[in-house]
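Scroll down for the structure; my scribbles are underneath it.
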Amino acid sequence: MYIQTVLGRIQPEELGVCACHEHLYIDLSRVKKNTDTCLQNLDLVVEDLKVFLQYGGKAIVEMTNDGMGRNVKKLVEISKLLDLHIIASTGCYKDPFIPQEKINWDRDEFAKWMIDEIENGIDGTNIKPGVIGEIGSSFNEFKPVELELFYGAIEAAKTTKLPLSTHTTLGTLALEQVELFIRENLPLHQVVIGHQDLNEDDEVVLEVLSSGVYIALDTIGKENYRSDMSRMKSLLYFLERGYEDQILLSSDVTRQSHLLSRGGQGYSVVLRKFIPSLREMGVLETTIEKLLVKNPQKAFSIRKEG
């Protein structure tokens with residue numbers, strides 16, 4: 001087993017404290033029509049990441065894919081400058097963020113393209129992705145192109161053994177995503193279902209967990225969606241029911257205004273605020289290590305040699 005970073009392969013135990021879903025170089029302004037959603041100032045991002053490192057962070061899973069302003073050369077720059085493990089992504093996001101030239105693709109075209117990036121490198125580089133993600137469904141529905149994208153991503157994951165990480169719009173359709181993976185015989189230990197802290201129905205999230213997938217509570221700090229105290233209560237509920245081996249944490253920074261320097265939560269919010277609160281509530285250090293270190297090691301390991 002190994003983990004694929006932008007600088008090459010590492011052993012899983014080298015990963016360290018990992019944020020499972022972030023964006024370091026992203027531009028959603030084509031669709032959002034808002035310059036705040038263009039986060040491409042490396043100086044600001046690097047300064048913010050330094051705080052993440054100060055609080056013990058060692059690794060970032062960078063979920064920016066094709067159509068979201070992905071630039072893996074910039075990720076290499078950041079990785080080298082900060083000695084930070086960065087895992088890059090292949091795939092597309094969701095409608096309407098899918099690039100125009102891919103909007104009419106079928107599952108075979110998506111699969112072939114993702115497999116090529118995984119085996120040969122992204123955008124003409126030799127920089128390889130370590131995750132297929134974030135593959136997204138819309139609010140309470142799969143758009144037709146999203147279904148083709150999901151089928152293509154599943155085929156790429158089965159062929160290459162890369163982990164597959166998803167986007168659920170406001171937490172919806174998680175169970176439907178899991179059912180799709182089961183029908184298509186994708187091993188569920190390869191799957192991370194995203195944004196489950198935006199689903200306030202704990203019983204539904206428990207059902208997702210019971211399937212064996214990982215879930216990401218990955219919008220921590222975005223209190224305009226849900227308070228972090230409410231997120232914490234849900235997490236404690238899942239831990240009480242024995243799912244500490246399947247949960248990952250992150251903050252999904254996507255905007256300039258999310259940075260500490262602009263008054264936002266920053267990449268460090270999980271380590272700086274959320275984890276200390278968990279400790280105050282009596283969560284054991286062994287459990288915290290699973291959430292931050294051991295679970296990401298397992299979730300993003302590639303079970304294939306060669």
Inset, instruction - Answer yes or no: is there a side-chain heavy-atom contact under 4.5 Å between Q256 and N41? - result: no
Inset, instruction - Flag yes if L147 and I182 sit in one hydrophobic cluster, no otherwise; membership is Ile, Leu, Val, Met, Phe, Trp, Tyr, and two members link when side-chain heavy atoms are under 4.5 Å apart. - result: yes
Inset, instruction - Salt-bridge test for D252 and K222: reply yes if a basic N is under 4.0 Å from a carboxylate O, no otherwise. - result: yes
Inset, instruction - Side-chain contact test, heavy atoms from C-beta onward, threshold under 4.5 Å: evaluate it for L15 versus C18 and give yes or no. - result: yes
Inset, instruction - Could you verify whether a donor N or O on one side chain and an acceptor N or O on the other, from Q177 and T166, lie under 3.5 Å apart? - result: yes
Legend entry - Side-chain donor or acceptor of K273 paired with backbone N/O of G221 under 3.5 Å: no
Legend entry - Cluster overlap L217 with V270, hydrophobic side-chain contacts below 4.5 Å: yes
Legend entry - Side-chain heavy atoms of K290 within contact of D245, under 4.5 Å: yes
Inset, instruction - Could you tell me whether a side-chain N or O of S210 sits under 3.5 Å from a main-chain N or O of E207, the two making a donor and an acceptor? - result: yes
Legend entry - Close side-chain approach of W105 and I98, heavy atoms under 4.5 Å: no
Inset, instruction - Taking atom NZ of K294 as the centre, report whether more than 12 heavy atoms of other residues, nucleotides or ligands fall under 6.0 Å from it. - result: no
Inset, instruction - Give the cluster check for V191 versus L248: same hydrophobic cluster or not, with ILVMFWY residues linked at side-chain heavy-atom distances below 4.5 Å. - result: no
Inset, instruction - Check the surroundings of atom OH in Y55: do more than 12 heavy atoms from other residues, nucleotides or ligands lie under 6.0 Å from it? - result: no
Legend entry - S89 and N65 side chains, donor-acceptor separation under 3.5 Å: no
Inset, instruction - For the residue pair E146 and S138, confirm or rule out a side-chain donor-acceptor distance under 3.5 Å. - result: yes
Legend entry - E148 side chain vs D108 backbone, donor-acceptor pair below 3.5 Å: no
Inset, instruction - For D218 and L249, indicate whether the former's side chain and the latter's backbone hold a donor-acceptor pair under 3.5 Å. - result: no
Legend entry - Identified side-chain hydrogen bond (donor to acceptor under 3.5 Å, both in side chains) counterpart of T219 within the set R226, Q196, R231: R231
Legend entry - T5 and H85: side chain donor to acceptor below 3.5 Å: no
Legend entry - H167/H21 aromatic ring centres below 6.0 Å: no
Legend entry - S301 side chain to Q297 backbone, donor-acceptor under 3.5 Å: yes
Inset, instruction - Measure the CG-OG1 distance between L173 and T169 for me, rounded to the nearest 0.5 Å. - result: 8.5 Å
Legend entry - Under 3.5 Å side-chain donor-acceptor pair for D123 and T125: no
Inset, instruction - Report yes or no: does S268 contribute a side-chain atom to a donor-acceptor pair with the main-chain N or O of L271 at less than 3.5 Å? - result: no
Inset, instruction - Over all heavy atoms of both residues, which pair between D48 and G266 is shortest? Give the atoms and the distance, please. - result: OD1-CA, 3.3 Å
Legend entry - Distance-only side-chain donor-acceptor flag, Q265 / S251, under 3.5 Å: no
Legend entry - Between OH on residue Y25 and CD1 on residue I86, distance to nearest 0.5 Å: 13.5 Å
Legend entry - Lys/Arg-Asp/Glu bridge criterion (N-O < 4.0 Å) met for E47, K50: yes
Legend entry - Test: K112 and E155 ion pair at under 4.0 Å: no
Legend entry - Check: M63 and V131 side chains under 4.5 Å, non-hydrogen atoms: yes
Legend entry - Same apolar cluster: I135 and V178, side chain cutoff 4.5 Å: yes
Legend entry - E203 versus Y237, side-chain donor and acceptor atoms under 3.5 Å: yes
Inset, instruction - Spell out, as yes or no, whether a donor-acceptor pair under 3.5 Å connects the side chain of E240 to the backbone of L235. - result: no
Legend entry - Residue among E22, H23, R70 satisfying side-chain hydrogen bond (donor to acceptor under 3.5 Å, both in side chains) with T64: H23
Inset, instruction - For atom CG of D83, decide whether the heavy atoms of other residues, nucleotides or ligands shown that lie under 6.0 angstrom number more than 12. - result: no
Inset, instruction - Assess whether atom CD of E101 is packed by more than 12 heavy atoms of other residues, nucleotides or ligands within 6.0 Å. - result: yes
Inset, instruction - Without swapping roles, check the side chain of T159 against the backbone of A156 for a donor-acceptor pair under 3.5 Å. - result: no
Legend entry - Under 3.5 Å: donor-acceptor pair, side chain of T168, backbone of G194: yes
Legend entry - Under 3.5 Å: donor-acceptor pair, side chain of N295, backbone of E244: yes
Legend entry - E134 and S165: side chain donor to acceptor below 3.5 Å: no
Legend entry - Non-hydrogen side-chain atoms of L180 and E184 separated by less than 4.5 Å: yes
Inset, instruction - Answer yes if the side chains of S29 and N34 hold a donor-acceptor pair under 3.5 Å, and no otherwise. - result: no
Inset, instruction - Look at the rings of Y93 and F97 and say which category their plane angle falls in: under 30° parallel, 30 to 60° tilted, over 60° perpendicular. - result: tilted
Inset, instruction - Would you indicate whether the side-chain heavy atoms of L259 and Y267 approach each other to under 4.5 Å? - result: yes
Inset, instruction - Please tell me if the side chains of V205 and D197 come closer than 4.5 Å, counting only heavy atoms from C-beta onward. - result: no
Legend entry - Parallel, tilted or perpendicular: ring planes of F150 versus F181, cut at 30 and 60 degrees: tilted
